[in-house]
J.: 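Below: one structure in structure tokens.
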Amino acid sequence: MEVERVQGIANFSTETIPEEFIRSTNEQPGLTTVQGTVLEVPVIDLSDPDEKKMLEAIIDASRNWGIFQVVNHGIPDEVIRKLQEAGKVFFELPQEEKELYAKPPGSQSIEGYGTKLQKELRGKKAWVDHLFHKIWPPREINSQFWPKNPPSYREANEEYTKHMHGVVDKLFRCLSVGLGLEGHELKEAVGGENLVYLLKINYYPPCPRPDLALGVPSHTDMSSLTILVPNDVQGLQANRDGHWYDVKYIPNALIIHIGDQVEIASNGMYRSVLHRTTVNKEQTRISWPVFLEPPSDLEVGPHPKLVNEANPPKYKTKKYREYCYCKLNKIPQ
């Protein structure tokens with residue numbers, strides 16, 4: 001059975017969108033976005049010579065926002081540009097060529113090209129197609145999901161991954177120290193050197209009714225951290241005090257999301273950010289999040305050093321794959 005892709009629907013939608021993409025009134029961005037106010041989430045300079053200031057900024061953002069942007073992060077602009085160009089070219093290929101990388105029917109993995117990701121309440125659909133594949137560690141890479149076209153795709157992704165390690169280590173070190181742990185302990189708690197880097201390319205084609213649809217509905221990320229590169233089309237929204245706001249982009253910044261596993265490991269001292277994605281009437285939005293995931297069989301729970309009689313565990317300890325299964329299928333944790 002041929003799967004209907006959003007990109008194909010967008011090509012034939014000029015004034016209306018199919019009913020299954022129209023969100024309920026309490027979700028429609030036209031009704032629920034705070035207009036005229038852009039959320040200026042914290043912007044942190046990772047090369048700040050005042051390490052104490054940088055550390056405190058990361059800790060504060062992770063406790064009070066769950067989202068921040070980092071600049072001077074050490075990943076060259078050209079490396080990011082090539083990553084973006086390769087992903088954009090893939091989604092502009094003929095449909096039959098993209099389908100060569102489709103997620104196999106019945107697959108338990110989320111890797112591959114696709115449209116539907118998780119169980120949606122009331123049968124609603126998100127205005128997005130995507131490509132998932134692991135980019136680190138090498139033993140986790142399944143090359144069948146890495147596009148061969150454009151020819152630069154593999155090199156662009158490998159180069160980006162190589163530069164990302166320094167950012168990942170610095171973030172985890174700061175977050176760990178902020179909990180009163182040794183610099184390596186938080187990363188160890190969510191997988192250490194076995195952390196899986198899962199890349200997703202989100203492709204949001206133009207939508208004739210962006211006031212009614214969502215690219216991705218509201219959620220927190222299942223992973224430990226997410227490192228996101230967007231193109232320059234506005235779309236990311238964060239929930240602040242129960243209201244939805246557009247997030248202001250800083251050119252060449254990386255957007256960092258605290259994910260569920262860091263919230264759990266910190267026993268709630270850090271919080272994962274509730275966010276969603278809107279779509280645009282004229283322009284295509286594309287984003288490149290990398291989810292830093294624990295190995296599927298790793299048990300993650302509140303770090304033992306953060307739990308005592310006065311501060312009991314606020315979350316269950318469970319294998320990461322079990323956590324993901326519950327979350328994707330809307331089963332209480």
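Values reported hereafter were calculated over all heavy atoms of this structure, with side chains retained and with hydrogens, waters and symmetry mates removed.
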J.: State whether the number of non-hydrogen atoms from other residues, nucleotides or ligands found under 6.0 Å of Lys318 atom NZ is greater than 12.
T.: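 Above 12, so yes.
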J.: For the pair His257 (side chain) and Ser223 (backbone), establish whether a donor and an acceptor sit closer than 3.5 Å, ignoring hydrogens and angles.
T.: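 The answer is no, because no donor-acceptor pair under 3.5 Å joins these two groups.
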J.: Not counting sequence neighbours, list each pair that qualifies as a side chain to side chain donor-acceptor pair (under 3.5 Å) and has a residue in residues 164-179.
T.: His165-Tyr197, Asp169-Lys187
J.: Which Ile, Leu, Val, Met, Phe, Trp or Tyr residues join Trp244 in one cluster when any pair of side-chain heavy atoms under 4.5 Å counts as a link?
T.: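 Same cluster as Trp244: Leu274.
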J.: Asn72 side chain to Ala253 main-chain N or O, any donor-acceptor pair under 3.5 Å?
T.: no
J.: Heavy-atom count check: over 12 atoms from other residues, nucleotides or ligands less than 6.0 Å from Glu51 CD?
T.: no
J.: Applying ring-ring contact (aromatic ring centres under 6.0 Å, His included), which residue pairs with at least one partner in residues 40-61 are found, sequence neighbours left out?
T.: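 The answer is none; no pair qualifies.
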J.: Determine, for Trp127 and Arg23, whether the Lys NZ or Arg CZ falls below 6.0 Å from the six-membered ring centre while staying within 45 degrees of the axis.
T.: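 Here Arg23 fails the 6.0 Å and 45° test against Trp127.
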J.: With under 30° as parallel and over 60° as perpendicular, where do the rings of Tyr203 and Phe91 fit, or are they tilted in between?
T.: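 Taking Phe91 first and then Tyr203, their aromatic rings lie parallel (interplane angle under 30°).
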J.: Please identify each residue that fulfils ring pair (Phe, Tyr, Trp, His ring centres under 6.0 Å) with Tyr153, with sequence neighbours left out.
T.: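 Scan of Tyr153 (ring pair (Phe, Tyr, Trp, His ring centres under 6.0 Å), adjacent residues dropped) gives His133.
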J.: When Ile, Leu, Val, Met, Phe, Trp and Tyr are grouped by side-chain heavy atoms lying under 4.5 Å apart, directly or through other members, which residues fall in the same group as Val307?
T.: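 Cluster partners of Val307: none, it stands alone.
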J.: What residues, two or more places apart in sequence or in another chain, satisfy salt bridge (charged side-chain N to carboxylate O under 4.0 Å, His left out) together with Lys281?
T.: none
J.: How would you list, by chain and number, every residue that makes a ring pair (Phe, Tyr, Trp, His ring centres under 6.0 Å) with Phe145, sequence neighbours excluded?
T.: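 Result, ring pair (Phe, Tyr, Trp, His ring centres under 6.0 Å) vs Phe145: none returned.
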J.: Connecting only ILVMFWY residues whose side-chain heavy atoms lie within less than 4.5 Å of each other, what is the rest of Tyr325's hydrophobic cluster?
T.: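 Its cluster mates, by chain and number, are Ile331.
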J.: Donor-acceptor pairs under 3.5 angstrom involving side-chain atoms of residues 287-295: please list them, not counting sequence neighbours.
T.:
unit_1, atom_1, unit_2, atom_2, d
Ser287, OG, Asn202, ND2, 3.1
Glu293, OE2, Tyr320, OH, 2.9

J.: Members other than Val38 in its cluster, when Ile, Leu, Val, Met, Phe, Trp, Tyr link by side-chain heavy atoms under 4.5 Å?
T.: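 Val38 clusters with nothing; isolated.
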J.: Considering residues, nucleotides and ligands other than Lys314, do more than 12 of their heavy atoms fall under 6.0 Å from its NZ?
T.: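 It does: Lys314 NZ has more than 12 such atoms within range.
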J.: With sequence neighbours excluded, what pairs up with Asp241 under the side chain to side chain contact (heavy atoms under 4.5 Å, CB included) test?
T.: none
J.: More than 12 non-hydrogen atoms from neighbouring residues, nucleotides or ligands closer than 6.0 Å to CD on Glu97, yes or no?
T.: yes
J.: Just to verify, what does Lys319 make a side chain to side chain contact (heavy atoms under 4.5 Å, CB included) with, not counting sequence neighbours?
T.: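 Lys319: side chain to side chain contact (heavy atoms under 4.5 Å, CB included) contacts with Asp297, Glu299, Arg321, Glu322.
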